[in-house]
Amino acid sequence: MSAPVRVRFAPSPTGYLHVGGARTALFNWLYARHTGGTFVLRIEDTDNARNSQEAVDVILSGLRWLGLDWDEGPLTGDADGPVRGDFGPYFQSRRGEIYRRRAEELKAKGLAYEKDGALFFRMTRDPVTIPDLVVGDVVRPLTDREALDPDWVLIRSDGVPVFHFVNVVDDLEMGITHVIRGEDHLSNTAKHIALFEAFGVEPPRYAHIPLILNLDGSKMSKRDQGASVQSYIDDGYLPEAVINYLSLLGWSSKTATELFTAAEIAPLFDLPDINRSNARFDLKKLEHFHFEHTRRLSPDRFVENGVEALRKAGIETAGFDPAYVRAALLTAQEKGKLFKELPVWTDFYFALDDAVAYEAEAKAKALIPAAVPIVSQLAARFAALPEFTAAALEVSLKGLAAELGMKVGALIPPCRVACTGRLVGPSLYHLLEVLGREKVARRLERARMVSGS
RNA sequence: GACCCUAUCGUCCAGCGGUUAGGACACCGCCCUUUCACGGCGGGGACCCGGGUUCGAAUCCCGGUAGGGUCGCCA
């Protein structure tokens, strides 16, 4: 029937991957996976001044982090490096010969002419109808400015071809069937369609997706909260959370659940279901998805991410028993915090010589003279426990509270601060079990002395 | 200035001529609870405005308004 779908993500290597670009890549990826088509990655590095291998690497690593694998395109940020696919080069900076050939074709057809050293395209004066899969048919007449001089530059006087030209030539040469891109390109599509017609070929199908704006409705620029994919990596978000959240910006599964992985979304995803209105970026909801996905994460991956997060915070876990590290980190999984915050929740497990760093407020509140008898009696009871388990510890602590005629809530803070240095943290009894008899004993003893002084 | 797109709770979505306008996030209250959370229960909160069409409009049409986008020898 219809030709196999070929879509592409064509970022310009500006040094960072914009969240809007990430969603464009995601929608292209989803459509390719939905249709069994091909997802192409092409680097639009015509603007030599700001191109570098590092800038391309940022794009590649961002996409890889998100799990958006491409079927064709560069394997590294090196424009002359290894690629996959038969439609290369995948860097526009390496496609000069193709652009020259296509420019000659237009000149031969009388549709392009030179003026002032630049090559101009003889643009149609008639309104162009843009059939869009998302918005419907859009009729784009010339604006008043354009009407003054409808022709536009294909190749600048310095010999560098402009975006509209290379974009169309590449889509044509690479056999792109569906152009899924931001709505900011909608008006310009008239130029692109006119060019395809000049080449005598059918334009691809277009799907212009709405933009992502800041929460206050302003346009999202580089410095805005959440604009860069790198910020999610740095803050320790789970990529599946970012994917999940982004997929729901402008698209809806129309099902009861909103919690999905990219692989689960692909079968449900289709172009006509995409919204027409812009969406605002709400970090709170992203955090919600992070929470949900984190709780569902396999223990192995959670521990792996956790160890890395601790390392970034300067806490080395290599010197500890792997089973201990694993058990320690896992007590924090249900909290669903960003991995950047994980050190605050688990650093006490790795305090050298059990010299727990007491948070000022926690110490002032819990490690006071009144805590001395509590801490020493707890220490005595814990020491006598046959089994050092969460369940036994709970019974023990609650039993002591009852005997002392005190509320359980009065014993908790001294014990928690003694062992963790903080007033909040993982479930107390579980954390005690993981720390183990020796560490808990040493920490209680130290807290007893600190409280008495 | 011209042209294009859009318009449902604070936010993201559902709705596609007849619904008590639904869900999620956020927010508020209560319960549970060793802290913070989780969880459970409950609550407040929206169809931008004005005209049409229709027996009947959130849904269709027109206008206005507002927001966004485009009109480069930037991408």
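Sequence lines set the chain letters: A, B, ... in the order given, protein chains first and strands last, and positions in each chain run from 1. All of these numbers come straight from a predicted model, not from anything done at the bench.
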Looking at [N], which nucleotide sits across from it as a Watson-Crick or G-U wobble partner, both distances under 3.5 angstrom, or is there none?
N     : answer
B/C41 : B/G29
B/U6  : B/A66
B/A21 : none
B/C71 : B/G1

Exercise. When the ring planes of A/F269 and A/W251 are compared, do they come out parallel, tilted or perpendicular, using 30° and 60° as the limits?
Worked result: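 Plane angle between 30° and 60°, so tilted.
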
- request: Hey, can you tell me if A/Y16 and A/H18 have their rings parallel, tilted or perpendicular (30° and 60° cut-offs)?
  value: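 Ring orientation of A/Y16 relative to A/H18: perpendicular.
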
For the residue pair A/R23 and A/F27, would you count it as a cation-pi contact if the rule is NZ or CZ under 6.0 angstrom from the ring centre and within 45 degrees of the ring axis?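 Yes.
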
Give me, pair by pair, the N or O atoms of the protein and of nucleotides 68-71 of chain B that are less than 3.5 Å apart, along with how far apart they are.
residue : atom : partner : partner atom : Å
B/G68   : O2'  : A/N278  : ND2          : 3.0
B/G69   : OP2  : A/K219  : NZ           : 3.2
B/G69   : O2'  : A/D184  : O            : 3.4
B/G69   : N2   : A/S187  : OG           : 3.2
B/U70   : O3'  : A/N188  : OD1          : 3.3
B/U70   : O3'  : A/N188  : ND2          : 3.4
B/U70   : O2'  : A/N188  : ND2          : 3.2
B/C71   : O2'  : A/T143  : OG1          : 3.3
B/C71   : O2'  : A/E146  : OE2          : 3.3

Contact under 4.0 Å: [X] side-chain N or O vs [N] OP1/OP2:
X      : N     : result
A/N275 : B/C12 : no
A/K254 : B/G15 : yes
A/T46  : B/A75 : yes

Kindly list each side-chain donor-acceptor pair under 3.5 angstrom involving residues 403-412 of chain A, sequence neighbours excluded, with atom names and distances?
residue : atom : partner : partner atom : Å
A/E403  : OE1  : A/R381  : NH2          : 2.5
A/E403  : OE2  : A/R381  : NH2          : 2.5

Using a strict cut-off of less than 4.0 Å between a Lys/Arg side-chain nitrogen and an Asp/Glu carboxylate oxygen, indicate whether [X] and [Y] qualify as a salt bridge.
X      : Y      : answer
A/E114 : A/K107 : yes
A/R94  : A/D80  : yes
A/E287 : A/K285 : no

What nitrogen or oxygen pairs link the protein and nucleotides 31-38 of chain B at under 3.5 Å?
residue : atom : partner : partner atom : Å
B/U34   : OP1  : A/K398  : NZ           : 3.3
B/U34   : O2   : A/R416  : NH2          : 3.3
B/U34   : O4   : A/S427  : OG           : 3.2
B/U35   : O2   : A/G425  : N            : 3.2
B/U35   : N3   : A/R416  : NH2          : 3.3
B/U35   : N3   : A/G425  : O            : 3.2
B/C36   : O2   : A/K335  : NZ           : 3.0
B/C36   : N3   : A/K335  : NZ           : 2.7
B/C38   : O2'  : A/R295  : NH1          : 3.3
B/C38   : O2'  : A/R295  : NH2          : 3.3

| query | When you compare B/U59 with B/A21, how far apart are their P atoms, in angstrom units rounded to a whole number? | reply |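 Roughly 14 Å separates the two P atoms.
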
Original post:
Across the strands shown, which category fits A/S252 at heavy-atom distances under 4.0 angstrom: base, sugar-phosphate, nothing?
Top reply: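 A/S252: backbone/sugar contact only, no base atoms under 4.0 Å.
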
Using a 90° cut-off around 0 for syn, call B/C49 syn or anti.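 Base orientation: anti.
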
Can you list everything that forms a side-chain contact (heavy atoms from CB on, under 4.5 Å) with A/E292? Sequence neighbours excluded, please.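 A/E292 satisfies side-chain contact (heavy atoms from CB on, under 4.5 Å) with A/L259, A/H288, A/R296 once adjacent residues are dropped.
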
Q.
Once side chain to side chain donor-acceptor pair (under 3.5 Å) is applied, do any residues pair with A/N214, and if so which ones, sequence neighbours excluded?
A.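 Partners of A/N214 by the side chain to side chain donor-acceptor pair (under 3.5 Å) criterion, ordered by chain and then number, come out as A/S218, A/D224.
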
Going by heavy atoms in the side chains, are A/D45 and A/S12 under 4.5 Å from each other?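 Heavy-atom side-chain distance check fails, nothing below 4.5 Å.
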
Just to be sure I understand the geometry, which residues of residues 17-29 of chain A put a non-hydrogen atom under 4.0 Å away from RNA chain B?
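Here the set is empty: none.
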
Centres of the A/F339 and A/F302 rings: under 6.0 Å?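 Yes, they do, as the ring centres are separated by less than 6.0 Å.
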
